[in-house]
Amino acid sequence: MNTAGETFAAVPMQTVGPMRIVSNELDGTVSTPLATYETPLWPSVARGAAVSIQTSGIHAVVVDERMTRSVLLEASDAQAAVTTARSLQENSGAFEAAAARTSRFARLIDWHYQIVGNLLFLRLEMTTGDAAGHNMVTAAADAVLEWLLGTYPSLRYVSVSGNFCSDKKATAVNGILGRGKYVVAEMTVAARICQRYLKTSPTKIVELNLKKNWIGTGLAGGVRSANAHFANMLLAFYVATGQDAANIVEGSQGFVHAEVRAGALYFSTTLPNLIVGTVGSGKDLPFVRENLERLGCLEKCPPGRNARRLAVIAAATVLCGELSLLGAQTNRGELMRSHFQLERGCSIA
């Protein structure tokens, strides 16, 4: 039942697949829900998924996982800020205990600091179980602030979030220090499969990836990013699975790496900042729970396992859409012809 004044925006959704995934979190086939107004995305991802069925599968690995929040405090001067930071390094046990007070899942695994003038930025990095962890790390950050201000009376509160997190912004720090799930998905595609399904060759895709994704993005001044359209698949996947869609800002900062290996195409997508969860805000909506259940992400597993499985599926979905688009763009006119046909039901001369 809707609460007072609550309405819903309807976004078209289809299930695409199956795709074959091989990882510690999932070994088998799965079809993925995608909610989007960009209807050509469905057949595009489906084409990449069809390629995966013709190979040994999309091999995916979770490299790292952590959620972050940066608190901001003010010291009397720069020396006092440095002294506090060094004291914290020597008092890490109490620091970690303060962060763990608010949740049985939130655990401080690392922290970093930066000093600007007399301002002290502390970037807290935590594990958050199966939750994406936005609220969990903020609650822990509040507890840390309470401890800090009680332990170091000379410090003054500025903000529970100092933008060094860095939440929903395109920055370098997330990729370097980590925010969310760091996932790599990779697949090797025989030349004959490239030709049959993508109408192109491994060499053409490798060359386009270099010239478009790497040189083109560098020319544009991209921040830790070299991909064609990670954001398209991520947004559709996030909406369908009840994620905070604004996290595609940092989530779409990722890399495509491609090589020709013994005549075949090695193709990989690296997503250092995948922020997904299977519990928390949005996950109780009926369509979200249904989608998560179909993906096998509502199982009774050790904390974090469902979220890691979801992250692996997200990365594989991104790979399918990325491979399909790059294949299309190696062929002059194919992209626009597809959009006219699929969106408008007509062809162009």
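All residue numbers refer to positions in the sequence shown, counting from 1. Computed from a predicted structure; not experimentally measured. Values below: all heavy atoms of this structure, side chains included; hydrogens, waters and symmetry mates excluded.
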Same hydrophobic cluster for I176 and I109, using side-chain heavy-atom links shorter than 4.5 Å among ILVMFWY? no

Heavy-atom side-chain contact between M136 and M67 under 4.5 Å: no

Check whether any side-chain N or O of T128 sits under 3.5 Å from a backbone N or O of A131 as a donor-acceptor pair, and report yes or no. yes

Could you tell me whether the side chain of S324 and the main chain of C320 form a donor-acceptor pair under 3.5 Å? no

Residue pairs passing the salt bridge (charged side-chain N to carboxylate O under 4.0 Å, His left out) test with at least one member in residues 54-63, sequence neighbours excluded, are none

I need the N306 CG to D130 CG distance, nearest 0.5 Å. 4.5 Å

Could you check if a side-chain atom of T36 sits within less than 4.5 angstrom of a side-chain atom of N232, using non-hydrogen atoms only? no

Co-membership, hydrophobic cluster, residues M233 and V30, 4.5 Å side-chain: yes

OG1 on T151 to CD on E146, rounded to 0.5 Å: 10.0 Å

Is there a chain of hydrophobic side chains (I, L, V, M, F, W, Y, each step under 4.5 Å between heavy atoms) that links I193 to V45? yes

Main-chain N/O of T83 paired to S87 side chain as donor or acceptor, under 3.5 Å: no

Checking the side chain of R332 only, and the main-chain atoms of Q329 only, is there a donor and an acceptor separated by less than 3.5 Å? no

Got a sec, which residues hit side chain to side chain donor-acceptor pair (under 3.5 Å) with Q253, two or more places apart in sequence or on another chain? none

Please state whether the rings of W147 and F95 are parallel, tilted or perpendicular, taking 30° and 60° as the class boundaries. parallel

Should V173 and T68 be marked as a side-chain contact (heavy atoms from CB on, under 4.5 Å) after you check the CA-CA gap, both sets of side-chain angles, and the distance that decides it? CA-CA 11 Å; V173 70; T68 64; over 6 Å; no

Would you confirm whether E322, through its side chain, and A228, through its main-chain N or O, come within 3.5 Å as a donor-acceptor pair? yes

Determine whether V249 and V318 fall in the same hydrophobic cluster, where Ile, Leu, Val, Met, Phe, Trp and Tyr are linked whenever their side-chain heavy atoms lie under 4.5 Å apart. no

Name all pairs fulfilling the salt bridge (charged side-chain N to carboxylate O under 4.0 Å, His left out) condition that reach into residues 232-243, sequence neighbours left out, sorted by first residue then second. none

Verify side-chain contact (heavy atoms from CB on, under 4.5 Å) between L73 and L145, making sure each step is shown before the conclusion. CA-CA 9 Å; L73 298 133; L145 278 168; 3.7 Å; yes

Flag the pair L124 / L108 as yes when at least one side-chain heavy-atom distance between them is below 4.5 Å, and no otherwise. yes

Contact check, side chains of T84 and Y113, non-hydrogen atoms, under 4.5 Å: no

Nearest 0.5 Å please: distance from the CZ atom of R107 over to the CZ atom of R66. 15.5 Å

Keeping W42 on the side-chain end and L34 on the backbone end, is there a donor-acceptor pair under 3.5 Å? yes

Does CG in D244 sit with more than 12 non-hydrogen atoms of other residues, nucleotides or ligands closer than 6.0 Å? yes

Backbone N/O of A75 and side chain of N118: donor-acceptor pair under 3.5 Å: yes

Quick one: closest heavy-atom pair of S23 and V312, and the distance? OG-CG1, 3.7 Å

If only atom types and distance count, is the side chain of N331 paired as donor or acceptor with the main-chain N or O of K199 below 3.5 Å? yes

Please report the closest heavy-atom contact between M187 and L319, naming both atoms and the distance. CE-CD2, 3.6 Å

What distance separates E125 CD from L177 CG, expressed to the nearest 0.5 Å? 5.5 Å

Please report the interatomic distance CD1(I205) to CG(L210), rounded to the nearest 0.5 Å. 14.0 Å

What side-chain donor-acceptor pairs closer than 3.5 Å can you find for residues 258-287, not counting sequence neighbours?
| residue | atom | partner | partner atom | Å |
| --- | --- | --- | --- | --- |
| E259 | OE1 | R261 | NE | 2.9 |
| E259 | OE1 | R261 | NH2 | 3.3 |
| E259 | OE2 | H257 | NE2 | 2.8 |
| Y266 | OH | E186 | OE1 | 2.5 |
| S268 | OG | H257 | O | 3.1 |
| N273 | ND2 | E250 | O | 3.2 |
| K283 | NZ | G242 | O | 2.9 |
| K283 | NZ | S281 | O | 3.0 |

Between V239 and A245 the two heavy atoms that sit nearest each other are CG2-CB, 4.4 Å

What's the verdict on salt bridge (Lys or Arg N to Asp or Glu O under 4.0 Å) for R294 and E290, showing C-alpha distance, side-chain angles and the deciding distance? CA-CA 6 Å; R294 286 178 178 175; E290 183 178 341; 2.6 Å; yes

Derivation and outcome, side-chain contact (heavy atoms from CB on, under 4.5 Å), residues F164 and L72: CA-CA 9 Å; F164 185 38; L72 175 54; over 6 Å; no

Is there a donor-acceptor pair closer than 3.5 Å between any side-chain N or O of R309 and the backbone N or O of L26? no

Would you name the heavy atoms of G129 and A307 that are closest together and state the gap between them? O-CB, 4.2 Å

Is the closest side-chain donor-acceptor distance between T138 and R69 under 3.5 Å? yes

Y157, L148: one ILVMFWY side-chain cluster at the under-4.5 Å cut-off? yes

Just do the side-chain contact (heavy atoms from CB on, under 4.5 Å) check on I115 and L120 with the steps written out, would you? CA-CA 5 Å; I115 293 172; L120 176 60; 3.9 Å; yes

Side-chain (N227) to main-chain (V256) donor-acceptor, under 3.5 angstrom: no

Are R179 and C165 side-chain neighbours, meaning at least one heavy-atom pair lies under 4.5 Å? yes

Decide whether Q243 and T241 meet the rule of one side-chain donor and one side-chain acceptor closer than 3.5 Å. yes

Quick check on R156: does its CZ atom have over 12 non-hydrogen neighbours (other residues, nucleotides or ligands) under 6.0 Å away? yes

Distance-minimising heavy-atom pair for V71 and A141: CG1-CB, 3.7 Å

Quick one: does T200's side chain get under 4.5 Å of L326's, heavy atoms only? no

Pairwise ring-ring contact (aromatic ring centres under 6.0 Å, His included) hits with a residue in residues 207-253, at least two apart: W214-F255

Atom CZ of R224 with >12 non-hydrogen neighbours under 6.0 angstrom: yes

Return each pair, listed once, that meets salt bridge (charged side-chain N to carboxylate O under 4.0 Å, His left out) where at least one residue sits in residues 209-218; pairs must be two or more places apart or across chains. none

Answer whether the closest heavy-atom distance between the side chains of K204 and L208 falls below 4.5 Å. no

Search all heavy atoms of G178 against all heavy atoms of R123 and return the closest pair with its distance. O-NH2, 3.3 Å

Look up atom CG in L155 and atom CG in L122, then write down how far apart they are to the nearest 0.5 Å. 8.5 Å

Crowding at CD, Q195 (>12 non-hydrogen neighbours, <6.0 Å): yes

Could you tell me whether N91 atom CG has more than 12 heavy atoms of other residues or ligands within 6.0 Å of it? yes

Within a strict 4.5 Å, meaning less than it, do heavy atoms of the P202 and C194 side chains meet? yes

